Each structure stands twice: as structure tokens, then as C-alpha cells.
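Data block below; observations after.
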Amino acid sequence: MFSSIILAVFSIIVLVYVRKKPRRTLPLPPGPRKYPIIGDLLVVPDESHWVAYDRIAKECNSDILHFSVFGNSVIVLNSFAAASDVLDRQSSISSSRPEGTMINEVMGWKSMFSVQPYGQQWRDHRKVFWQEFHPEHGRLHHRPIQLRCSRDLIRHLYESPLDFQTHIRHMIASSILMVVYGVDVQEKDDPNITLVEDALKHLDLGFIGTYMVDIFPFLKHIPRWIPGAGFQIIGENATRDLNLLVDVPYSQTRRLLAKGRGESSLICRALNRGSIPDGGPEEGIIKNTAATAYLGANETSKFSMTLFIALMALNPDIQERAQRELDQYLDHRLPEFEDEYYLPYTSAVMLEVLRLEPITPLGLPRSLVSDGDYKGYHLPSGSVVFCNLWAILRDETVFSEPEEFKPSRFLIDGQIDPRLKDYFMTAFGFGRRICPGRYFAMDNLWLNMASILSVFTIGKAVDENGQEIDINPEYTTNLNRHVLPFKCSIKPRSERAEELIRECRRL
Ligand code: HEM
């Protein structure tokens with residue numbers, strides 16, 4: 001009797017175990033040696049993760065890696081082939097984002113669709129975003145605003161070149177604020193620019209895996225006064241700053257609309273598309289989409305524009321080549337969007353800046369909603385997936401001497417190589433979650449880079465003894481990077497250039 005009870009209990013345990021853990025027939029992708037319980041915690045690198053992942057992938061001779069931290073599975077895709085297979089071909093299972101407890105719940109970001117899991121809520125927000133940011137719409141409605149902000153940038157750089165980072169930040173924030181909210185931006189110390197920067201400064205802190213609460217979600221319930229619960233205070237500050245960002249500019253737009261202004265904005269167009277009750281769920285979608293756009297545009301373009309300034313100062317021969325092309329074609333006028341096709345080297349400079357140092361080297365994390373596979377490896381459901389964009393954009397088989405800044409690599413027969421440009425677009429991610437702001441971003445970057453090159457010479461600054469100050473671009477090491485401040489000189493190229501700059505009066 002006793003032995004039959006033991007047998008029955010044993011059989012139930014085996015059944016439950018077998019049900020819960022279906023037998024895997026395929027192995028997991030390779031990765032470093034795993035330790036009991038903590039898994040790979042000790043070997044997960046704590047800085048420049050993308051460089052370390054690329055090295056480990058080469059050591060393992062595999063373009064896909066698997067890590068495990070306290071039983072949580074992490075997959076890193078290290079090649080174009082792996083990324084397009086998992087994120088494009090298997091997009092039905094790989095288009096979600098991980099439910100990062102810190103960012104989504106503790107910091108209150110779950111209303112931003114960039115971090116939402118795949119599903120109806122995400123689709124509703126992305127639809128509102130895409131109606132505004134698809135390329136034909138952008139050409140019609142955004143380009144005039146981008147042109148105006150770019151001319152302001154040229155004027156600001158002329159007036160106080162040492163403050164170039166402030167001016168870049170102003171140009172980007174004002175172009176997206178006008179597009180999304182239809183509100184004008186003050187020449188200096190605009191409160192809406194402070195709002196977005198305050199909200200963004202918390203983002204790095206909430207990145208998935210930075211806090212134990214992401215590994216042990218029950219920690220979100222511990223009160224803020226318990227020692228070690230500092231993340232709760234960070235969460236409260238982040239939630240407050242995000243709520244301000246979502247509400248304040250939106251209310252300004254509503255006030256403008258009530259006065260019959262602000263009509264050329266995402267908000268006005270989205271409100272006009274449906275009959276939206278005040279404060280109802282649809283209004284929430286528009287409000288949150290607007291804030292996601294404002295947040296998404298800021299750091300990304302700022303990083304690439306600042307890096308462009310550093311690379312131009314460091315590479316005078318490349319700068320001069322672009323200027324020769326601009327001078328020949330423009331014949332003493334500032335560039336406009338329609339000129340882009342005729343200025344391929346200038347476009348190549350932009351592509352190369354974005355290729356060399358992607359702002360988000362590991363993209364934004366995805367999560368697998370079901371089991372997948374790649375090259376005979378098992379990809380477990382629930383895994384967090386990182387795509388190593390940095391490694392993909394430095395693949396030696398596509399870009400020779402990938403660590404060199406060489407815009408001409410993008411040219412074939414004097415035009416942009418379409419095959420290479422398609423490959424390059426991976427800088428904006430893959431599949432259903434690919435960056436929906438990419439056309440706006442590329443328009444903004446191209447126009448501003450071309451305009452700066454056409455009227456300014458960028459060089460190294462000199463110190464009080466007349467010695468050149470070296471530039472060695474340094475970045476923060478978090479997953480959403482910033483270029484650390486540096487000095488450089490920005491001077492008008494000629495008297496004619498100075499005239500053109502003076503013509504950039506506020507439109
Ligand atoms: C140089 C500029 C930019 C770069 C390199 C960039 C890159 C990226 C990348 C790599 C992703 C993740 C895609 C994925 O998961 O596969 C992303 C997502 C996103 N980006 Fe951008 N981006 C840029 C500019 C912008 C701009 C200007 C906006 C807004 C106007 C924007 C809005 C977004 C949004 C909303 C998402 C989340 C999409 C979703 O989860 O469905 N980005 N971006």
C-alpha cells in the first residue's frame with residue numbers, strides 16, 4: 001500500500017515535470033560556461049556589452065549566443081542573417097518587448113508604446129504614430145518645419161559656436177515639438193525642452209537588467225524606506241517627470257487649438273481623424289503617442305549630430321570633399337531637401353556617421369512569446385532578445401576596415417549603393433518594431449549636416465597657448481549612449497557663406 005502511494009506521488013511529480021518542461025530536442029545556442037543557479041551572471045560584461053558580445057560570438061564561432069541569468073534566458077543576435085531570421089522571418093513570435101518591471105511598472109513607462117508588449121494596445125499607438133510619420137506625410141507636413149529649424153541652427157551656430165551642443169539640442173527638440181504639438185519653442189531655456197530632458201535622464205536607469213527587480217518582480221512591492229529600495233525613489237521621480245512630459249505640452253496644444261491655432265500638428269490631425277471624447281481612452285492614445293515621438297526623437301538625433309561635428313573636425317579631407325560637392329552643385333545657396341539626390345557624397349557622410357556608432361548598439365530589447373529556432377538551436381519562449389546592431393554595422397564581410405570613418409564606401413558609380421543602403425537601414429532595427437521615426441530622422445540629419453558643411457568649417461579648437469585641443473569622442477557606456485562634451489571650432493567658410501548665414505533670419 002505504502003509503496004503504491006509513493007509510486008503514485010512519484011508518477012504525478014514526473015507527469016507535472018514532463019508537462020511543465022517539454023523535452024527539448026534542439027540544443028540552446030552556445031554561450032559562456034553556466035554556473036549553477038546564477039547562470040552567466042558573473043560573465044555578463046558590465047560595460048560595452050556589444051563589443052564583448054561580438055568577441056564572445058567570434059570565440060564561440062556562432063552568430064547567436066545564449067546567456068542565462070537566474071534562470072532568465074537572454075539571446076544575442078550577432079549577424080544580419082541571425083537578426084533577419086529571428087526578427088523578420090519569425091516576427092510573429094519576436095515582436096514583443098520584455099515586461100521590464102523597473103521601466104514599465106516602477107518608472108511608469110508602460111504607456112509609451114516603444115516599451116509595450118506586442119498586442120492591440122501597441123498597434124493602436126503605432127497606427128497613430130505611423131499616420132503622421134510615414135514618408136509621404138513627412139515630405140508634405142514635416143519638411144517645411146525641419147527647414148525652418150535647420151536655418152535657426154545655422155544662425156545660432158554663427159552667433160555662439162562654442163555652444164554647438166546646446167544649439168543641436170534646440171534644433172532637434174524644436175522640430176519635433178512643432179511637428180507633434182504645433183507649439184513654438186523659445187530661443188533659450190524652453191521649458192518643454194527641459195521636460196523632455198528630465199524624463200529621458202531616467203531612461204538609462206530603467207534599462208532592462210539594471211535592477212534586481214527585473215529579475216525578481218516581487219521586489220516591486222517592497223516599500224521605499226527599506227534599505228536597498230532606492231529604485232522605488234528613482235521610480236517615483238521618473239513617473240512624475242514622465243507624467244509632466246505627457247500632460248504639459250499636450251495641454252498647451254489643446255489651448256492653442258481652442259484659439260484656432262496649432263492645427264499643423266500630430267495632435268490636431270489625430271484628433272480630427274476620430275470623434276474623441278475628452279479624457280477617453282482614444283485621447284490617451286494620442287497623448288501617449290505624442291510623448292513617445294517626442295522622447296524617441298531627442299537623444300537619437302542629438303547623438304548622431306554631435307558625433308558628426310566631432311568626425312568632421314577629425315577628418316578635414318572628408319569635410320573638404322563634401323564641401324566641394326556642395327559648392328559645385330549649390331552654387332552659393334543653402335541646401336534644400338530636393339537637392340539630396342544630387343549630393344551623394346554628403347548623403348554618404350550621414351550614412352557613415354550612423355553606421356560607425358549606432359546610438360543604441362543593442363537596439364531595443366525584444367522578447368519571445370513562443371519557442372523559436374535558428375540554425376538548429378532552440379530559442380526558448382520568454383527569452384529576452386538583443387540584436388547587436390553595432391556588430392552588424394561593423395561586419396567585415398560587408399564593410400572593409402569597419403572601424404574606419406570612410407563615407408566613400410557607400411558610393412558606387414558616383415551614387416549611393418542601394419544594396420549597401422538597404423543593409424545600413426538595420427541601424428533602425430528589424431521587422432514589425434523597426435524604428436517608425438526613421439524617415440523623419442534621416443531627413444533631419446541630412447539637411448542639417450549638408451547645411452552646416454555648406455557654410456562652416458569645423459576644426460579643432462585651440463587653447464590659450466595656441467595649441468590644438470585634441471578630440472577623442474567619448475560616449476557614456478549605457479545602452480542608450482550620449483557623446484560626452486568636447487570643444488571644437490566652427491567658423492564661416494567665406495564672406496559669401498557669412499552672407500548666406502545672415503539671410504537665415506527667423507522665419
Ligand atoms: C538617428 C536616429 C534614430 C535611430 C538610429 C533610431 C533607432 C531605433 C532603433 C534601433 C529602434 C528599435 C527597433 C527594433 O526594436 O527593432 C527604434 C525604435 C523606435 N524609434 Fe527610433 N531611431 C532614431 C530616431 C527616431 C525618431 C526621430 C523618432 C521619432 C520621431 C523615433 C521613434 C522611435 C519609436 C517610437 C520606436 C519604438 C517602435 C516600437 O517599439 O514599435 N526614432 N529606433
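All ligand and atom numbering here is 1-based and tracks the order in the structure. If you're wondering where the values come from, they're calculated on a predicted model, not measured in any experiment.
Assignment of Trp122 to the shell around ligand 1 is supported, since a heavy atom sits closer than 4.0 Å. Residue contacts with ligand 1 include Arg366, since one of its heavy atoms falls under 4.0 Å from the ligand. Ligand 1 is approached by Phe129 to a heavy-atom distance shorter than 4.0 Å. Put simply, part of Ala293 is less than 4.0 Å from ligand 1, judged by heavy atoms. For the ligand labelled ligand 1, residue Leu389 lies inside the 4.0 Å heavy-atom shell.
Inclusion of Ser301 in the set of residues having an N or O under 3.5 Å from an N or O of ligand 1 is not warranted. At a 3.5 angstrom cut-off on N or O pairs, Arg433 counts as close to ligand 1. Any N or O atom pair closer than 3.5 Å counts here, and Ser304 shares no such pair with ligand 1. At least one N or O atom of Arg97, backbone or side chain, sits closer than 3.5 Å to an N or O atom of ligand 1.
A heavy-atom distance below 4.5 Å is not found between the side chains of Pro29 and Leu65. In this structure, the side chains of Tyr345 and Phe410 stay at 4.5 Å or more apart for every pair of heavy atoms. Side-chain contact between Ile458 and Phe164 is absent, with no heavy-atom pair separated by less than 4.5 Å. Val398 places a side-chain heavy atom less than 4.5 Å from the side chain of Leu420. Counting heavy atoms from C-beta on, the side chains of Leu242 and Met112 come closer than 4.5 Å. At least one side-chain heavy atom of Asn192 sits under 4.5 Å from a side-chain heavy atom of Gln252.
Between Lys110 and Glu105, none of the side-chain N atoms (NZ, or NE/NH1/NH2) sits under 4.0 Å from a carboxylate O, so this pair counts as no salt bridge.
Between His142 and Phe440, the shortest heavy-atom distance links the atoms ND1-CD1, 3.6 Å.
With hydrogens left out, the protein atom closest to atom 21 (Fe) of ligand 1 is Cys435 SG, 2.3 Å, a heavy atom. Protein heavy atom at the shortest distance from atom 12 (C) of ligand 1 is Leu364 CG, 3.7 Å. The protein heavy atom nearest to atom 35 (C) of ligand 1 is Phe113 CZ, 3.5 Å. The protein non-hydrogen atom at the shortest distance from atom 24 (C) of ligand 1 is Thr300 OG1, 3.4 Å. Nearest protein neighbour of atom 34 (C) of ligand 1, counting heavy atoms only, is Pro436 CD, 3.5 Å. The protein heavy atom nearest to atom 4 (C) of ligand 1 is Phe428 CE2, 3.5 Å.
Only backbone heavy atoms of Phe430 (N, CA, C or O) come within less than 4.0 Å of ligand 1; its side chain stays farther off. Residue-level proximity to ligand 1 for Ile359 is carried by the side chain, the only part with a heavy atom below 4.0 angstrom. The side chain of Leu354, and not its backbone, has at least one atom closer than 4.0 Å to an atom of ligand 1 (non-hydrogen atoms only; side chain from C-beta on). Looking at Phe303 against ligand 1, nothing comes within 4.0 Å, counting heavy atoms.
Of all atoms in ligand 1, numbered sequentially from 1 with element shown, those under 4.0 Å from a heavy atom of Gly429 are 10 (C), 13 (C), 16 (O). The contact set between ligand 1 and Ala427, taken as ligand atoms under 4.0 Å from a residue heavy atom, comprises 5 (C), 7 (C), 10 (C). Within the listing of ligand 1, atoms 10 (C) sit less than 4.0 angstrom from a heavy atom of Thr360. For ligand 1 and Ala441, the ligand atoms under 4.0 Å from any heavy atom of the residue are 2 (C), 24 (C), 27 (C). The contact set between ligand 1 and Ser114, taken as ligand atoms under 4.0 Å from a residue heavy atom, comprises 37 (C), 40 (O). Of all the atoms in ligand 1, the ones that sit under 4.0 Å from a non-hydrogen atom of Phe133 are 30 (C). Listed by number with element, the atoms of ligand 1 under 4.0 Å from a non-hydrogen atom of Arg126 are 38 (C), 39 (C), 41 (O).
Looking at Glu474, its side chain never comes within 3.5 Å of a backbone N or O of Val483 through a donor-acceptor pair. No side-chain donor-acceptor contact under 3.5 Å links Asp417 to the backbone of Ile412. A donor-acceptor pair under 3.5 Å is formed between the side chain of Gln323 and the backbone N or O of Phe456. A distance-only check finds no donor-acceptor pair linking the side chain of Ser304 to the backbone of Ser301 [under 3.5 Å].
Taking the ring centre of Phe399 as origin, the terminal cationic atom of Arg355 falls inside the region bounded by 6.0 Å and 45° from the ring axis.
Under the 6.0 Å cut-off for aromatic ring centres, Phe113 and Phe129 qualify, their centroids lying closer than that.
Within a 6.0 Å sphere centred on CZ of Arg438, other residues, nucleotides and ligands contribute more than 12 heavy atoms.
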